[in-house]
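See structure below.
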Amino acid sequence: MRKGPRAFHFLVGAKGLTRFGGLSLLHQFCNSLGVRRFLQTYVPWPRYLHRNYHPVDLFLAHLFAIVAGLGRIENTQSLLHNGLIPPILGLPDFPHRDTLRTFLWRFDPQALRSLEAVHDRFRAVLFPRLGLRFDAIVDADTTTLITYGSQEGVARGYIPKRRHHQGSYAPILSSEGRSGLSLGAQLRAGNVHAVTGSWPFLAAQLNKLPRTVAASRTRVRLDGAFYDQEIVQSLDGKRVGYCIVAHMTQPLKDRMVAARYHEFRAGWEAATFTYTPFHWNQEHHFVAVRRPIAHEPLERQQHLFTFKRYTYHRALVTNLALTPEAVYRVYCDRAAQELLLREFKHAYHLAAIPTRSFWANATYLELILWAYDLVLAFQRLCLPPDVQHWNVGTLRRELWWLPAEWVRRGNRNYLRIPAKYPHPDLLERIQRAASRVKPLL
């Protein structure tokens, strides 16, 4: 067996070295889109006086750090020694962590709303490019972000699976189910119930959809935290389709048991019935799904409503003119929203609260949405069809975390990549696709 090297001597002075060589592809995409010019044109940045950095520079520095998966702002200090990222961003060096954090502190509610309005303009350009033209699906959900130390706007609330009270945020996030783009987010204290203020938030997200999408061709999918009379009646008034998980009250359970079921799949039965919840003004259509006890594991039976020989999974209030099983399948596709929240928390480090300021933290949440939408547009517009299913974790592993050396020969820039890298042709294909992307302006 051959012996490996025993000792090394360090030589200082190498230039152009990077561990994020693949981010040059994302930079090419941003250049083709004209992201910098778009931000400079439309965003009224908060007053920020710094001799070396424009606010757009700091915004893009945050964006690339989030996309690279560095996590907390402190970890961006590794980019101070990077030989590629500062030059492609047009910076003399990468901003210090205190500079990046101070940039977030400059945002107040008005500045954040302005940034969100420009983000809506950015989405409006991307919607038709990603195929969203005539029908849309709006998903929304809440999550819990545990905080440590002293942050503004946190409160002790219920934390799932932990069963104890601790300071936290409870942001609400929304996305469009067909294109995958985010629609918006709102940072809230941990003790705010999901229903509180949810309808104004949802109404704002519905207004962000393209004008070509009629209300009758829009569907809203929500879990049981949003089961509320105001939301249901407001969606009925706008003639927007919806399916929302209902609370399993005893009168509703009685109606579920008495309904007539039919089998739509081996071991699965569905039924539809009308029911007027307590304090509601009129009857609504409900869909229920059940399975025989013999088909359910014992652990699941303990968390579901069981009566005689059946376990009842959930009841959905809906106004969709579909069969019960079709309504159930429409709602089941909402699992993508759960996966999106998990991706935000783990891949985009949503839980890495950056400052003590509430509005700075809300701005950072908005930055994460910008990074997510930019990565999604890169996937759909630049990646070949056979790798478009790659999520951000796979993109980092296969493309962006690529060790490279930037070399300039004559008037050409080269990136030296490892000899055993398995996808050199993929880099060329992505770069050609990125160079052909139409600009935003």
Distance-only donor-acceptor hits, side chain of residues 190-198, under 3.5 Å, sequence neighbours excluded:
| unit_1 | atom_1 | unit_2 | atom_2 | d |
| --- | --- | --- | --- | --- |
| His193 | ND1 | Val195 | N | 3.1 |
| Ser198 | OG | Ala194 | O | 2.0 |
| Ser198 | OG | Val195 | O | 3.2 |

Taking distance alone, no hydrogens or angles, what donor-acceptor pairs closer than 3.5 Å link side-chain atoms of residues 121-131 to residues at least two apart or in another chain?
| unit_1 | atom_1 | unit_2 | atom_2 | d |
| --- | --- | --- | --- | --- |
| Arg123 | NE | Ser182 | O | 2.6 |
| Arg123 | NH1 | Asp120 | OD1 | 2.6 |
| Arg123 | NH2 | His119 | ND1 | 3.3 |
| Arg123 | NH2 | Ser182 | OG | 3.2 |
| Arg129 | NH1 | Lys438 | O | 2.7 |
| Arg129 | NH2 | Lys438 | O | 3.3 |
| Arg129 | NH2 | Pro439 | O | 3.1 |

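Shown here are the side chain to side chain donor-acceptor pair (under 3.5 Å) partners of Arg291, two or more places apart in sequence or in another chain: there are none. In terms of the salt bridge (charged side-chain N to carboxylate O under 4.0 Å, His left out) criterion, residue partners of Arg334 (sequence neighbours excluded) are, by chain and number, Asp141, Asp223, Glu338. Under the rule for a side chain to side chain donor-acceptor pair (under 3.5 Å), Thr147 has no partner lying at least two apart in sequence or in another chain. The salt bridge (charged side-chain N to carboxylate O under 4.0 Å, His left out) check on Asp108 picks up nothing, with sequence neighbours excluded. Scored by the salt bridge (charged side-chain N to carboxylate O under 4.0 Å, His left out) test, Arg429 finds Asp386 as partners (sequence neighbours excluded). A search for salt bridge (charged side-chain N to carboxylate O under 4.0 Å, His left out) contacts involving Glu366 returns nothing, not counting sequence neighbours. Under the side chain to side chain donor-acceptor pair (under 3.5 Å) criterion, Arg314 pairs with no residue, sequence neighbours left out.
Closest of all the heavy-atom pairs between Ala371 and Leu63 is N-CD1, 3.5 Å. In this structure, Gly241 and Leu320 approach most closely via the heavy-atom pair CA-CD2, 3.7 Å. The two residues Ala189 and Ala170 make their nearest non-hydrogen contact at O-CB, 3.5 Å. The shortest non-hydrogen separation linking Leu399 to Leu402 is O-CB, 3.2 Å.
A distance of 6.0 Å or more separates the ring centres of Phe307 and Tyr312. Remark: aromatic rings of Trp268 and His262 are distant, center separation not under 6.0 Å.
The list of salt bridge (charged side-chain N to carboxylate O under 4.0 Å, His left out) pairs with a residue in residues 255-275, not counting sequence neighbours, reads Glu269-Arg290. Counting only residues at least two apart or in different chains, salt bridge (charged side-chain N to carboxylate O under 4.0 Å, His left out) contacts with residues 146-157 are absent. Note on residues 21-46: pairs passing salt bridge (charged side-chain N to carboxylate O under 4.0 Å, His left out), not counting sequence neighbours, are Arg36-Asp57.
Proximity of Val67 to Leu26: side-chain heavy atoms (C-beta onward) are separated by under 4.5 Å at one or more points.
A distance of 10.0 Å separates CZ of Arg101 from OH of Tyr364, quoted to the nearest 0.5 Å. A distance of 7.0 Å separates CD in Gln337 from CG in Leu173, rounded to the nearest 0.5 Å. Note that CH2 of Trp401 is 11.0 Å distant from CG of Leu395, once rounded to the nearest 0.5 Å.
By the 30° and 60° cut-offs, the orientation of the rings of His284 relative to Trp280 is perpendicular. Taking the six-membered ring where the residue is Trp, Tyr275 and Phe286 present perpendicular rings, their angle passing 60° and hence far from 30°. Ring geometry, Trp45 versus Phe103: the interplanar angle falls from 30° to 60°, so the pair is classed tilted.
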With side-chain contact (heavy atoms from CB on, under 4.5 Å) as the criterion, how do Leu84 and Phe20 come out once you've worked through the C-alpha distance, each side chain's angles and the decisive distance to 0.1 Å? CA-CA 8 Å; Leu84 178 67; Phe20 302 108; 6.0 Å; no
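Side-chain contact, Lys253 with Gln250: no donor N or O sits under 3.5 Å from an acceptor N or O.
In terms of modelled atom types and a separation under 3.5 Å, the side chain of His247 and the main chain of Thr249 share no donor-acceptor contact. A distance-only check finds a donor-acceptor pair linking the side chain of Glu176 to the backbone of Ser179 [under 3.5 Å]. In this structure a side-chain-to-backbone donor-acceptor pair under 3.5 Å is missing from Arg97 to Thr76.
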